[in-house]
Amino acid sequence: MTEESVLPLAAVLVSAVAMVLIIASYRYPNVREGWSVLAAVAKFGIVASMLPGVMDGTVYEWSLSQSLGVEFLAGIDFVLRADPLGMLFAMLASFLWIFTSFYAAGYMRGLDEHAQTRFFASFAASLSTAIGIAFAGNLVTIFIFYELLSLVTYPLVAHNEDDEARIAGRKYLTYTFFGGGVFLLAGTVLVYWLTSLTTEGATIAFETGGITALAEAAQLEPVFAQAAFYLLIAGFGVKAAVMPLHSWLADAMVAPTPVSGLLHAVAVVKSGAFGVARVILEVFGPGLIHDLPLSVPAIGEVGLNVPVAILAAFTLTAASIIAMRKDHLKRRLAFSTTAQLSYIVLGLSILHPYAILGALFHIPAHAFGKLTLFFCAGAVHVETHTDYVSEMAGIGKRMPLTMSAFAIGAAGMAGMPLIAGFVSKFYMLIGSGSVGGGYWIFASALILSGILNIAYLWPVVYTAFFESEERHDAKPLFEFPPGGKRESYFGNEDLAADGGEPSESRRSSSELCSDGGERPHDEGQPQPADEEGEKEAKGAGTPEATDEESGYAVDQYPSDTDVPLPKGSHDDHADDHHDHGDHHHGGPPAGGWERHSPFSESTWLMIVPISVIAVGAVTLGVIPDYAVFLDLATYIVEGVFGLELSEIREMSWAEILEVMDE
């Protein structure tokens with residue numbers, strides 16, 4: 001049942017309105033960030049209010065033509081509709097934005113970042129377009145928001161405004177806006193043309209199980225239907241970072257960590273995976289994809305899904321191997337994201353109901369786990385200016401809660417039981433195994449990638465809790481002899497007074513390549529600035545303030561304006577300030593890490609979001625049946641196949657194929 005409602009439009013517009021209010025409040029940082037939190041809560045409230053109706057079969061829809069009597073394009077309407085698949089993405093993005101708003105405030109203030117008004121305004125605009133993607137009712141509407149998302153996130157990627165950030169931003173736009181947009185638009189035009197050949201007429205509106213007219217058109221023009229499918233997959237695959245369209249993601253890690261967390265582990269990259277789900281489930285449909293054969297020389301006919309599954313399996317394996325070679329923590333997490341996104345694409349392309357269920361549940365499972373990891377990486381950077389795994393030996397005693405949360409997120413990414421990632425990967429394994437035949441290779445890829453996940457994430461946890469500053473194994477292991485290379489940050493007879501940096505003769509392994517040369521900076525990431533560089537990075541209008549003078553410099557002066565802040569606003573956050581006396585250029589200070597309690601390692605603005613998201617990852621793994629995301633994923637699968645999950649359990653793959661053919 002479809003019900004006309006303004007709620008989908010309101011969910012999109014609430015953060016757009018907040019963007020205007022954030023800009024208008026540039027003189028008042030506390031008010032500015034208050035608008036972000038208020039908009040996040042309001043957005044989640046609006047989205048959640050539609051959940052009961054959607055679970056009961058109601059689709060909330062708002063269209064430009066019905067509401068305003070305006071025709072958007074000839075024969076094409078601008079439609080926003082809250083259906084089960086859209087609700088899965090919208091609930092996730094809106095819920096996580098609430099905690100990211102608090103975390104972003106703590107992060108940006110902790111580093112005294114410049115241009116904070118622009119940052120929070122762009123953040124709000126990004127969430128507005130992400131919800132637009134979730135609630136888009138047809139291919140043209142999703143294309144508009146898909147392109148807007150690339151544009152409004154560019155200022156976030158290029159936030160640092162240095163050469164590296166600008167290069168990363170241009171690369172990001174080239175891939176996602178120009179590259180992905182061209183593929184997506186071409187595929188949309190083909191679908192519109194193909195459906196115009198049928199008796200039902202041209203349409204590009206999403207339909208559960210696939211567009212009926214497109215299935216009829218595919219029989220008339222199979223080659224063009226195949227081309228449309230791969231163009232749409234390529235267009236969404238760019239943001240999903242499927243190889244070879246993935247390299248923008250690692251370079252985009254130059255952005256502040258809140259951006260890397262929510263937008264590049266949740267909203268931006270998930271919009272690509274979500275788009276692939278729309279194409280497979282609601283544009284072509286599993287039945288048409290399986291029955292529209294692709295002729296491969298020397299192999300024969302295969303379903304359209306097989307090349308996509310092969311590419312996804314290769315991506316999740318290759319990206320995991322690359323992640324093992326990355327010493328820079330955020331770049332290691334970036335390649336982990338590339339691998340984890342391909343889990344979703346692989347599960348969807350296997351076409352079995354259980355594999356699709358696992359893929360859909362992996363969208364929130366990965367989001368909670370990876371957001372935890374990025375939040376932890378950001379907290380470590382703010383508190384210790386440490387970005388390299390090889391400099392983190394013993395850091396668990398300095399940041400016990402943060403690194404414990406990191407261990408939870410890492411376990412989820414590896415698919416360990418009792419964490420959300422286990423549930424989603426288990427369903428995908430069942431699905432790939434149920435299909436049988438050559439699909440065993442996809443199950444093998446899932447298992448192999450899980451092992452590789454442990455190999456590149458466990459060393460971070462191990463070096464933090466089980467190694468000391470004086471004696472540790474260099475990481476990543478792939479860059480050193482088998483078993484690691486024994487090094488220390490400093491020797492007892494050669495302590496440095498500048499924060500633990502060793503002398504030339506005792507330089508740490510994090511600064512040396514395996515061939516003995518000096519390690520170049522990890523590409524795509526800025527290095528911790530020296531004192532002068534940090535002063536320059538603060539931007540115009542931000543006078544330097546020492547810890548003795550103030551807690552957060554942004555509370556004294558707006559970081560992106562040169563107007564004085566109203567008297568008294570600093571006091572609001574005075575209690576959040578922590579002594580950052582151990583801030584230096586990365587790695588432990590002279591004498592080793594100072595031991596902190598879980599509640600004194602950082603500000604509550606960062607500790608609380610880290611804790612909540614980590615608990616969420618455990619909750620999704622321990623009681624998935626009580627989590628709304630699994631219910632939504634189950635509801636989506638049952639709608640696409642027209643079968644109850646209990647019926648699917650009793651059916652063979654051949655019987656499921658018969659149902660899809662019907």
Side-chain angles (χ1 to χ4, degrees), residues 319-337 339-340 369-370 372-381 383-419 421-422 448-490 500 508-512 514 519 522 586-589 592-596 598 601 610 614 617-618 621:
S320 298
I321 294 173
I322 294 172
M324 295 174 66
R325 298 185 59 87
K326 296 300 176 183
D327 191 22
H328 195 286
L329 181 56
K330 280 182 65 176
R331 288 187 69 83
R332 186 177 295 199
L333 296 180
F335 280 100
S336 172
T337 297
Q340 295 292 329
K370 188 53 62 67
T372 299
L373 296 178
F374 273 118
F375 277 5
C376 293
V380 169
H381 175 72
E383 296 299 329
T384 71
H385 287 290
T386 300
D387 298 314
Y388 291 91
V389 180
S390 55
E391 296 177 340
M392 293 183 180
I395 201 173
K397 64 185 178 183
R398 168 63 178 84
M399 307 193 72
L401 185 146
T402 297
M403 297 313 298
S404 297
F406 190 97
I408 293 174
M413 294 301 94
M416 302 298 288
L418 303 182
I419 312 295
F422 170 78
L448 174 61
S449 181
I451 296 172
L452 295 175
N453 287 337
I454 297 174
Y456 65 74
L457 288 175
W458 171 247
V460 183
V461 180
Y462 181 81
T463 197
F465 287 110
F466 302 107
E467 293 187 328
S468 66
E469 302 91 321
E470 294 82 7
R471 192 165 177 80
H472 64 278
D473 284 331
K475 307 293 187 303
L477 294 181
F478 266 22
E479 294 186 0
F480 299 96
K485 181 180 179 182
R486 188 66 64 181
E487 290 286 353
S488 65
Y489 295 128
F490 47 83
S508 87
S509 60
S510 67
E511 297 177 300
L512 298 178
S514 57
R519 184 190 69 189
D522 221 5
W593 299 109
E594 178 185 353
R595 188 174 296 277
H596 279 244
E601 63 183 60
I610 290 172
V618 175

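Please read all numbers here as calculations on a predicted model, not as lab measurements. Counting from 1, the numbers follow the sequence of the chain as shown.
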Can you tell me how far apart [atom1] ([X]) and [atom2] ([Y]) are? Round to the nearest 0.5 Å.
X      : Y      : atom1 : atom2 : answer
Ile451 : Ser320 : CD1   : OG    : 11.0 Å
Leu452 : Ile322 : CG    : CD1   : 11.5 Å
Met324 : Phe335 : CE    : CZ    : 14.0 Å
Ile454 : Tyr456 : CD1   : OH    : 10.5 Å
Thr386 : Ile395 : OG1   : CD1   : 4.5 Å

Closest heavy-atom pair and its distance - [X], [Y]:
X      : Y      : answer
His596 : Glu601 : ND1-CA, 4.0 Å
Val380 : Thr402 : CG2-CG2, 4.2 Å
Ala377 : Lys330 : CB-CG, 4.4 Å

Exercise. In plain terms, say whether Lys397 and Glu594 are close enough for a salt bridge, that is, a side-chain N and a carboxylate O under 4.0 Å apart.
Key: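 Salt bridge between Lys397 and Glu594, a charged N being under 4.0 Å from a carboxylate O: no.
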Side chains of residues 404-419: which donor-acceptor partners sit under 3.5 Å, not counting sequence neighbours?
{"residue": "Ser404", "atom": "OG", "partner": "Pro400", "partner atom": "O", "Å": "2.7"}

Quiz item: Which class fits the ring pair Tyr462 and Trp458: parallel under 30°, tilted 30 to 60°, perpendicular over 60°?
Solution: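 Tilted.
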Self-check item: With sequence neighbours excluded, residues passing side chain to side chain donor-acceptor pair (under 3.5 Å) with Thr337
Solution: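 Per chain and number, Thr337 pairs via side chain to side chain donor-acceptor pair (under 3.5 Å) with Lys370.
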Quiz prompt | 4.5 Å side-chain heavy-atom contact, Met392 and Leu329 | solution =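 Yes, close enough: below the 4.5 Å cut-off.
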Practice problem: Say whether, by atom type as modelled, one donor and one acceptor occur between the side chain of Arg332 and the main chain of Leu457 under 3.5 angstrom. | Solution: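 Not confirmed, Arg332 side chain does not pair with Leu457 backbone.
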Exercise. Step by step, work out the side chain to side chain contact (heavy atoms under 4.5 Å, CB included) result for Val389 and Lys326.
Key: CA-CA 9 Å; Val389 180; Lys326 296 300 176 183; over 6 Å; no
Quiz item: Any side-chain donor-acceptor pair under 3.5 Å between His328 and Asp387?
Solution: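 The criterion, which ignores hydrogens and geometry beyond distance, is not satisfied for Asp387 and His328.
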Quiz prompt | Derivation of the side chain to side chain contact (heavy atoms under 4.5 Å, CB included) call for Arg398 and Glu383 | solution = CA-CA 9 Å; Arg398 168 63 178 84; Glu383 296 299 329; 3.4 Å; yes
